[in-house]
Amino acid sequence: MHIERKRIPASTIIEAVTTLTLPDIPNYAEKIIPMLLAEAEGRGMAVTGPCVFTYEGCDGSPGTEFVMRVAFPVDACRGQGAFVCTEVPAHDCLCTAYRGPMKGIGPAWSAFTPMALQRGEALLPVGREVYLDWIDQDSADNQVELQIPLQG
């Protein structure tokens, strides 16, 4: 597994925030992603990049509740709606590529996290998945970048 340190540029995002467990993610994502896209379009915001899932307080256990953010980068925040627009400052992260079905993403995180910790950098307790190419739950061709932001 190749790990890279990467600079993420500042961005404006529209996001949905909820508390859930790992088994809840597929149903939540299926519902919330079309809603986010529809609201962005309705508010005149152009989506400028892929969907990003951010996990805060997720320990990998199926029964643990954690905060999940589902977001899309947009060109600017316009209007009001059900979802919040916010600015994400530029920051550094450690990242690795994952390709495959969603059933393999947990094992990918289980391999990536200890390798990232071994680098000795100050990691934030956050995981992020950037869905570069999404086909479906079972596709071997899904491409997801796993990221762990760095402190500072």
Side-chain angles (χ1 to χ4, degrees), residues 2-60 62 64-106 108-109 112-113 116 121-152:
H2 175 73
I3 296 179
E4 174 186 348
R5 184 181 176 132
K6 184 176 187 177
R7 182 77 175 163
I8 306 298
S11 64
T12 301
I13 62 169
I14 185 171
E15 71 177 351
V17 183
T18 192
T19 300
L20 46 60
T21 63
L22 288 171
D24 299 329
I25 294 172
N27 288 337
Y28 178 73
E30 187 176 323
K31 175 184 78 169
I32 207 69
I33 289 171
M35 292 170 66
L36 278 165
L37 291 170
E39 183 164 311
E41 182 179 346
R43 290 168 62 181
M45 297 182 275
V47 173
T48 59
C51 187
V52 178
F53 286 16
T54 302
Y55 303 81
E56 299 170 3
C58 181
D59 64 6
T64 301
E65 286 193 339
F66 60 92
V67 173
M68 175 150 188
R69 299 174 182 275
V70 178
F72 284 94
V74 292
D75 63 338
C77 188
R78 296 182 186 89
Q80 299 292 316
F83 300 111
V84 174
C85 277
T86 190
E87 300 295 319
V88 177
H91 61 280
D92 291 332
C93 71
L94 296 181
C95 61
T96 193
Y98 171 73
R99 185 180 184 112
M102 289 300 96
K103 67 182 178 192
I105 207 151
W109 274 110
F112 173 45
T113 303
E121 304 209 46
L123 306 176
L124 290 175
V126 173
R128 188 180 303 128
E129 297 169 358
V130 181
Y131 286 83
L132 302 171
D133 191 9
W134 170 255
I135 311 299
D136 63 43
Q137 285 283 331
D138 300 316
S139 177
D141 295 324
N142 292 326
Q143 294 180 49
V144 183
E145 184 173 86
L146 308 182
Q147 299 179 349
I148 302 174
L150 300 173
Q151 291 181 21

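Just so you know, these numbers use all the heavy atoms, side chains as well, and skip hydrogens, waters and symmetry mates.
Heavy atoms only, all atoms of each residue included: A29 and P34 are closest at O-CD, 4.1 Å. The minimum heavy-atom distance between A40 and V74, with the atom names listed, is CB-CG1, 4.5 Å.
Atom OH of Y55 sits about 9.0 Å away from atom CG of L146, to the nearest 0.5 Å. Distance check, rounded to the nearest 0.5 Å: CD of Q147 to SG of C95 gives 6.0 Å. Once rounded to the nearest 0.5 Å, the distance linking CZ of R7 with NE2 of H91 reads 8.5 Å. In this structure, SG in C85 is found 9.0 Å from CD in E15, a value given to the nearest 0.5 Å. Distance check: Q137 CD to E30 CD gives 8.5 Å after rounding to the nearest 0.5 Å.
Under the 4.5 Å side-chain criterion, counting only non-hydrogen atoms from C-beta, C51 is in contact with V70. Contact check for V47 versus L37: side-chain heavy atoms found under the 4.5 Å cut-off. No side-chain heavy atom of I148 sits under 4.5 Å from any side-chain heavy atom of R128. Side-chain contact between M68 and F53 is present, with at least one heavy-atom pair separated by less than 4.5 Å. L150 is listed as a side-chain neighbour of L94, based on a closest heavy-atom distance under 4.5 Å. Inter-residue side-chain proximity for V17 and V84 is flagged as unmet; no heavy-atom pair is nearer than 4.5 Å. Between T86 and I13 there is a side-chain heavy-atom pair separated by less than 4.5 Å. Counting heavy atoms from C-beta outward, E129 and I105 have side chains that approach closer than 4.5 Å.
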Start with the C-alpha gap between E65 and L20, add the side-chain angles, then the distance that decides, and say whether side chain to side chain contact (heavy atoms under 4.5 Å, CB included) holds. CA-CA 5 Å; E65 286 193 339; L20 46 60; over 6 Å; no

Would R5 and E121 satisfy salt bridge (charged side-chain N to carboxylate O under 4.0 Å, His left out), going step by step from the backbone distance to the final call? CA-CA 10 Å; R5 184 181 176 132; E121 304 209 46; 2.3 Å; yes

In sequence, state the C-alpha distance, the side-chain angles, and the governing distance for N142 and R99, and then conclude on side chain to side chain contact (heavy atoms under 4.5 Å, CB included). CA-CA 5 Å; N142 292 326; R99 185 180 184 112; over 6 Å; no

Could you walk me through whether T54 and V126 satisfy the side chain to side chain contact (heavy atoms under 4.5 Å, CB included) test, starting with their C-alpha distance in whole Å, then the side-chain angles of each, then the deciding distance to 0.1 Å, before giving a yes or no? CA-CA 7 Å; T54 302; V126 173; 3.5 Å; yes

Pair L123-Q151, side chain to side chain contact (heavy atoms under 4.5 Å, CB included): steps then yes or no: CA-CA 6 Å; L123 306 176; Q151 291 181 21; over 6 Å; no

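Formation of a donor-acceptor pair under 3.5 Å by the T12 side chain with backbone atoms of C77 is not found in this model. Listed for the E39 side chain is a donor-acceptor partner under 3.5 Å among the backbone atoms of A82.
We find that D92 and K6 are not joined by a salt bridge, their nearest charged nitrogen and carboxylate oxygen being 4.0 Å or further apart.
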Output a table of donor-acceptor pairs, distance under 3.5 Å, between side-chain atoms of residues 21-28 and any protein atom two or more places apart or on a different chain; print 'none' if there are none.
residue	atom	partner	partner atom	Å
T21	OG1	D24	OD2	2.9
D24	OD2	T21	N	3.0

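Side chains of D59 and T64: a donor-acceptor N/O pair is present below 3.5 angstrom, by distance only.
For F83, there are no ring-ring contact (aromatic ring centres under 6.0 Å, His included) partners, not counting sequence neighbours.
Taking the six-membered ring where the residue is Trp, W109 and F112 present tilted rings, their angle falling between 30° and 60°.
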